Amino acid sequence: MAKLTLGGEGMFKIPDSASAFFMLSATVWLVIGVLMGLVLALELVFPDIARGMSWLVFGRLRQAHTSTVMFAFLSGGMMGIWLYIVPRLTGRRLWSEPLGHLCVILWNGAMLIGIVALLNGYTQSREYAELVWGIDVAVVLVLILNMTNIYMTVAHRTEQKFYVSMWYIIGSVIWMPMLYFIGNVMWNPPTGALTGINDSIVGWFYGHNVLGLWFTTGLLPVIYYIVPRETNTPLYSHVLSLFAFWGIAFFYTGVGGHHLLWAPIPYWLKTIAVADSIGMLLPVIAFMMNIYLTMRGNWNRFFSSIPLRFVLTGWFAYILTSFQGTHQAFRAINDLTHFTQYVPAHSHLGLLFFAGSVVMGGMYYTLPRIYDCRLHNRTLANVQYSLYLVGFAAFFGGFVLTGLVQGTAWVNQGLPVWSVLPGLRPYMALRAIGGAVIVLSVLVFAWNIFATVIGRKAVGRPPVPQPIPVRAGV
């Protein structure tokens, strides 16, 4: 293995260096993203905490927080993990390491400019599509360059059989550029939007599919890769994994309309959204059982392997958020939860507890292998996991309780929105407390990751047996 250094003229050609720098930059963005989230949570408890600071206004900071977590952290980390996995499943090095570095530089540069622009009020004001048109162009360019790098690696592969992770990654890299272009209405630069209800339909087609055809199909292959590797057990069923893949591709594309059940969109579109949301249970159950059956007899490794613990937490969170998403599509439940904090509870369950867990687990798995060293401190990783679990439980509980109180008051009691607000403060405080614990967990994670890369503790290997010298004639 070539020695990967943090500097030097030949750095951009060293195998896995682009993968490592994608993940390290994503770690920095994770810290920034959760700090933004904590400020937002505090603003919901103390509304005047950021008075006089325009760049901390809730409307601006919330958009910056969303883009930081979804694109700068999750997408950057995910692409970095892909650049590690794909060469190992194709039997050849990444097609172009310098092209990978170009993607790292362009991606982080675009995110930095775009997020600073959001904090200064330059936005398209559309869910998950807030970044302005010039940044959209840079994002699509990186997505296409990354797709080219992965596809060319696949084209020159020496391993002819495709492991299931490759199906998911290949699908993700070709779907996302098209999805991002459509969802951000990039053919209309002045506004980045359509007019009227059509914009809502396209917006939620994009908003839901960026989760389904990017993060879901991009992170399930990480679970499919790490679980068998860490348990030394073959995947239970390749057929089940492909059933899940095509099920996601078929059902997920139509679920976005369940966010618009009470909007004046065609009724048949609402019905398709509900039906597809129910149909999504099929690929979810297939994936759930495939990993569960792969883990048979290996559950003790959940406690001994840090990467496995995080990706299995992501596996559990994916199941939970998928079932929650399906039940939210039912009209009676949607009537109660729509416009309440129950919906962002669902979003955070998917984006943080599912996607975030898998990305962190992927980093714990790949970075020590890239740098040929041990994790800096396993105890820190265990502490981080405990803080993460406790913090998210409180955080998620605050969201859910707030949403249920809101929905019950509005729908069942007919109370106006303003009259319900004072009673929500304790639950918002619970959310902020949980968020503070998550921030602490993330700081421990970042410290452990960078200490691993900088310190590079040697991997303990058994000594090589040496032959015992024997004198002639003995």
Side-chain angles (χ1 to χ4, degrees), residues 74 78 81-82 84-86 88-90 154 159-173 175 209 211-253 255 276-327 349-351 353-362 364-366:
L74 289 175
M78 183 172 71
I81 297 170
W82 290 350
Y84 176 89
I85 290 177
V86 170
R88 282 149 184 84
L89 293 180
T90 56
V154 172
E159 173 56 60
Q160 294 305 308
K161 291 183 179 180
F162 269 172
Y163 179 63
V164 63
S165 294
M166 292 303 302
W167 284 78
Y168 283 82
I169 293 171
I170 288 171
S172 300
V173 296
W175 288 328
N209 280 296
L211 305 177
L213 300 182
W214 180 238
F215 292 121
T216 299
T217 54
L219 290 171
L220 296 196
V222 179
I223 300 175
Y224 277 125
Y225 182 83
I226 291 178
V227 170
R229 297 284 294 183
E230 285 294 277
T231 59
N232 294 315
T233 304
L235 184 68
Y236 174 76
S237 172
H238 193 71
V239 173
L240 270 181
S241 64
L242 290 181
F243 176 81
F245 172 78
W246 290 111
I248 291 170
F250 179 78
F251 286 113
Y252 219 122
T253 51
V255 302
D276 279 354
S277 298
I278 297 170
M280 267 301 297
L281 291 176
L282 297 174
V284 169
I285 292 172
F287 169 70
M288 175 182 73
M289 294 308 300
N290 209 1
I291 297 299
Y292 176 76
L293 293 171
T294 303
M295 283 298 298
R296 283 185 305 179
N298 293 306
W299 286 101
N300 59 309
R301 296 177 185 267
F302 178 88
F303 300 99
S304 61
S305 169
I306 300 295
L308 185 63
R309 191 183 311 165
F310 274 89
V311 298
L312 284 177
T313 300
W315 165 75
F316 172 75
Y318 173 68
I319 296 164
L320 189 59
T321 194
S322 297
F323 277 88
Q324 187 189 30
T326 296
H327 92 254
L349 180 62
L351 287 170
F353 209 46
F354 158 53
S357 297
V358 177
V359 170
M360 285 189 283
Y364 273 133
Y365 180 86
T366 56

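Numbering starts at 1 and runs along the sequence shown. Because the structure is predicted, anything quoted here is derived from the model rather than measured.
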Taking atom [atom1] of [X] and atom [atom2] of [Y], what is their separation to the nearest 0.5 Å?
{"X": "Tyr163", "Y": "His238", "atom1": "OH", "atom2": "NE2", "answer": "8.5 Å"}
{"X": "Ile285", "Y": "Leu282", "atom1": "CD1", "atom2": "CG", "answer": "6.5 Å"}
{"X": "Trp82", "Y": "Leu89", "atom1": "CH2", "atom2": "CG", "answer": "13.5 Å"}

message: I'd like to check Tyr252 versus Leu211 (side-chain heavy atoms, cut-off strictly below 4.5 Å). Are they in contact?
response: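 Yes, at least one pair of side-chain atoms sits under 4.5 Å.
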
message: With a 4.5 Å cut-off on side-chain heavy atoms, are Leu235 and Leu240 touching?
response: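 Leu240 vs Leu235: side chains apart.
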
task: Give a yes or no on whether the ring-centroid distance for Tyr224 and Phe287 is below 6.0 angstrom.
output: yes

Just checking [X]: does its [atom1] atom have more than 12 heavy atoms from other residues, nucleotides or ligands closer to it than 6.0 angstrom?
{"X": "Phe316", "atom1": "CZ", "result": "no"}
{"X": "Arg229", "atom1": "CZ", "result": "no"}
{"X": "Phe302", "atom1": "CZ", "result": "yes"}

- request: Fit a plane to each ring of Tyr84 and Tyr365, take the angle between them on a 0 to 90° scale, and name the class: parallel (under 30°), tilted (30 to 60°) or perpendicular (over 60°).
  value: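 Perpendicular: the ring planes of Tyr84 and Tyr365 meet at over 60°.
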
- request: Check the pair Val311 / Tyr364 against side chain to side chain contact (heavy atoms under 4.5 Å, CB included), numbers first and verdict last.
  value: CA-CA 10 Å; Val311 298; Tyr364 273 133; over 6 Å; no

Side-chain polar contacts of residues 243-250 - donor-acceptor pairs under 3.5 angstrom, sequence neighbours left out - could you list them?
none

